[in-house]
> 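Before I ask anything, here is the structure I am working with.
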Amino acid sequence: MEEKNLGVIFEGFFSYRKGSLHVEDTGMQELAMAHDTPSYIYSRNYLLSQVSRIKSAFEQVDTMICYSVKANSNLELLKIMRKEELGADVVSGGELRGALIAGFPPGKIVFAGVGKKDEEIEFGVSRDIYCFNVENEEELSSLEKYGRKYGRKVICNLRLNLDIDLDTHHYVKTSRKETKFGIDTVKAEEIIGHSGRYKYASIEGFHLHLGSQIKEVEPYLKAMEKVEEFNRKIKFNPRIIDLGGGFGIPYSVRDKVIDISDFGKSISSIVKSMGIEKLILEPGRFIVGNTAVLLTRVLYVKRRGEKTFLIVDAAMNDLIRPALYGSHHTILPVAEPSAATPSIKADVVGPVCETGDYLGKDISVPADIKKGDLLVAANAGAYSFSMSSNYNSRPRPCEILVDGKDSEIIRKRETYEDLWKAKI
Ligand SMILES: Cc1ncc(COP(=O)(O)O)c(C=O)c1O
């Protein structure tokens, strides 16, 4: 098998025991028998360990860690984050409602998003959420309007577009000037210059979210440097910096990513030297990304010439990242291959009628793999279930949360009836 040293991805929470893949103390085989496939399987303790890693990395400054709900909005997972005293970063009225249902205190909710509707802004203001990350001047006028209506100050952070490039997929770079996100510094200076016209919308800081799956610290350091320069130029002292999220995770055992503890130290010392009162972070992928796998079963092994296709029961509607971004997911058999078993290369594909419907290409699998065998696509906690759909009228998988030897369904498998609910 290609993938050795799985600890880089799984940190010991998923491992082979007695020849079969386990999540914590629970066998995947048993989970497949109990819940069928495809199923998303989460490790509760891995999730908690990621939360505690990021908390301790930033404990030197006043940091509000707001879990980015878009990464995975499962209500039970949100409740875990809330119990861990995280806040929530939301980008829509739906996410805001989800965060409130999960019990996040409004004072720990931050609202970003390039196209907030007036009704979403009003809902956020009426619930007295902590702040809005503002994307343009008209949005400030709406915030002023609803601040006046509800008689409350609305904290606003201007989302800056600092034209910073990243080594990540171009769909998730959000800080280049050609993207739709943020306000450039010329416009930001103008807005701050006439901020006196707002009585309720109070500009107190900047939002800097750069993009996603960022594997180096340099872009963050560069962003902070640019903000410092900008503050000096316009003589503005932001009280808040919301650095956004984007902290990368290893998708394969070869991936090098940010060391969160060193990263926390460098950012904290800059925050202190800039006299910032409050740092906000919006991690999504870092917290959930590697804490789940998509468990799937081989339906057919199709051999044609040189090529082998494993046709599995999970598809692009369940996990769209490979089709959308060409993303790599580590794919492993549930039955541990013996050292003596030769491996072959195969494309792991779903039943959807699109050539782009694949989970992995040229994946090393045991040569004797056959119909009925189980596989997992790892790295499936973030932007996986939350981006799933019913394409090809396929009901979406269930989600199972494992805690040691225990497991619970945290979202039921959709039924065929569910598919038509909104239509009849
Ligand atoms: C504004 C904002 N904050 C936070 C995030 C979370 O990013 P990640 O999951 O990479 O940490 C995103 C994701 O795109 C975002 O748009």
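In listed order, ligands and their atoms are each counted from 1.
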> Applying side-chain hydrogen bond (donor to acceptor under 3.5 Å, both in side chains), which residue pairs with at least one partner in residues 41-51 are found, sequence neighbours left out?
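Those involving residues 41-51 are Glu24-Ser43, Glu24-Asn45, Tyr42-Asn72, Tyr42-Glu399, Asn45-Asp403, Gln50-Arg53.
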> How close does the nearest protein non-hydrogen atom get to atom 10 (O) of ligand 1, and which residue and atom is it?
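Of the protein heavy atoms, Ser212 OG, 2.4 Å lies nearest.
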> Are any of the N/O atoms in Phe286 less than 3.5 Å from those in ligand 1?
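No - when backbone and side-chain N and O of Phe286 are compared with those of ligand 1, no distance drops under 3.5 Å.
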> Which residue and atom name correspond to the protein heavy atom nearest atom 14 (O) of ligand 1, and how close is it?
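Answer for atom 14 (O) of ligand 1: His209 NE2, 3.6 Å.
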> Measure centre to centre between the rings of Phe206 and Phe230, then say whether the value is under 6.0 Å.
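Yes, the ring centres sit under 6.0 Å apart.
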> May I ask you to say whether Glu84 pairs ionically with Lys108, meaning some side-chain N is under 4.0 Å from a carboxylate O?
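Here Glu84 does not pair with Lys108 in a salt bridge, since their nearest N and O are not under 4.0 Å apart.
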> Would you give the length of the straight line joining atom CD1 of Ile101 to atom CZ of Arg82, rounded to the nearest 0.5 angstrom?
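With rounding to 0.5 Å, CD1 (Ile101) is 12.0 Å from CZ (Arg82).
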> Looking only at protein heavy atoms, which one is nearest to atom 9 (O) of ligand 1, and how far off is it?
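Of the protein heavy atoms, Tyr383 OH, 2.5 Å lies nearest.
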> Give the numbers and elements of all ligand 1 atoms closer than 4.0 Å to a heavy atom of Gly245.
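In order of number, 4 (C), 11 (O).
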> Quick one: look up the protein heavy atom nearest atom 11 (O) of ligand 1 and list residue, atom name and how far away it is.
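Atom 11 (O) of ligand 1 sits closest to the protein heavy atom Gly246 N, 2.8 Å.
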> Would Arg396 pass as a cation-pi partner of Tyr40, given that its NZ or CZ must be under 6.0 Å from the six-membered ring centre and within 45 degrees of the axis?
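No, Arg396 does not sit over the ring of Tyr40.
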> If you have a sec, work out which protein heavy atom is nearest atom 1 (C) of ligand 1 and how many Å separate them, to one decimal?
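Ranked first by proximity to atom 1 (C) of ligand 1 is Glu282 OE1, 3.5 Å.
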> Could you establish whether Phe181 and ligand 1 come within less than 4.0 Å of each other, counting only heavy atoms on the residue side?
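Under 4.0 Å: no for Phe181.
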> Give the contacting part of Ile214 toward ligand 1: side chain, backbone, both or neither, where contact means a heavy-atom distance below 4.0 Å.
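Within the 4.0 Å criterion, Ile214 makes no contact with ligand 1.
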> With a cutoff of 4.0 Å, is Pro283 in contact with ligand 1, counting heavy atoms of the residue only?
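It does, in that a heavy atom of Pro283 comes within the 4.0 Å cut-off of ligand 1.
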> Any N/O of Arg159 closer than 3.5 Å to an N/O of ligand 1?
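In fact, backbone or side chain, Arg159 has no N or O that close.
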> His207 to ligand 1: N or O pair under 3.5 Å?
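His207 vs ligand 1: no N/O contact under 3.5 Å.
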> List the atom of Ser212, the atom of Tyr383, and the distance in Å for their closest heavy-atom pair.
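Shortest heavy-atom separation between Ser212 and Tyr383 comes out as OG-CE1, 4.3 Å.
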> Would you mind finding which of Gly113, Ser68, Gly182 brings a heavy atom closest to atom 6 (C) of ligand 1?
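Among Gly113, Ser68, Gly182, the closest heavy atom to atom 6 (C) of ligand 1 comes from Ser68.
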> Only heavy atoms of Gly284, strictly under 4.0 Å: list the atoms of ligand 1 that pass.
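Atoms satisfying the 4.0 Å criterion: 8 (P), 9 (O), 11 (O).
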> Mark yes or no for whether Asn136, through its side chain, and Glu138, through its backbone, hold a donor-acceptor pair below 3.5 Å.
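Yes; at least one donor-acceptor contact below 3.5 Å.
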> Do Gly211 and ligand 1 have an N or O pair less than 3.5 Å apart?
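In this structure, Gly211 places no N or O atom under 3.5 Å from an N or O of ligand 1.
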> Out of curiosity, is Gly244 lining ligand 1, as in a heavy atom under 4.0 Å away?
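The answer is no, since Gly244 has no heavy atom less than 4.0 Å from ligand 1.
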> Ring centres under 6.0 Å, that's the criterion: do Tyr146 and Phe132 meet it?
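No, too far apart.
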> Testing Asp313, Asp318, Asp373 one by one against Thr296 for a side-chain hydrogen bond (donor to acceptor under 3.5 Å, both in side chains), which residue passes?
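Of the listed residues Asp313, Asp318, Asp373, the side-chain hydrogen bond (donor to acceptor under 3.5 Å, both in side chains) partner of Thr296 is Asp313.
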> Less than 4.0 angstrom from a charged side-chain N to a carboxylate O is my criterion; do Lys222 and Glu225 meet it?
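No.
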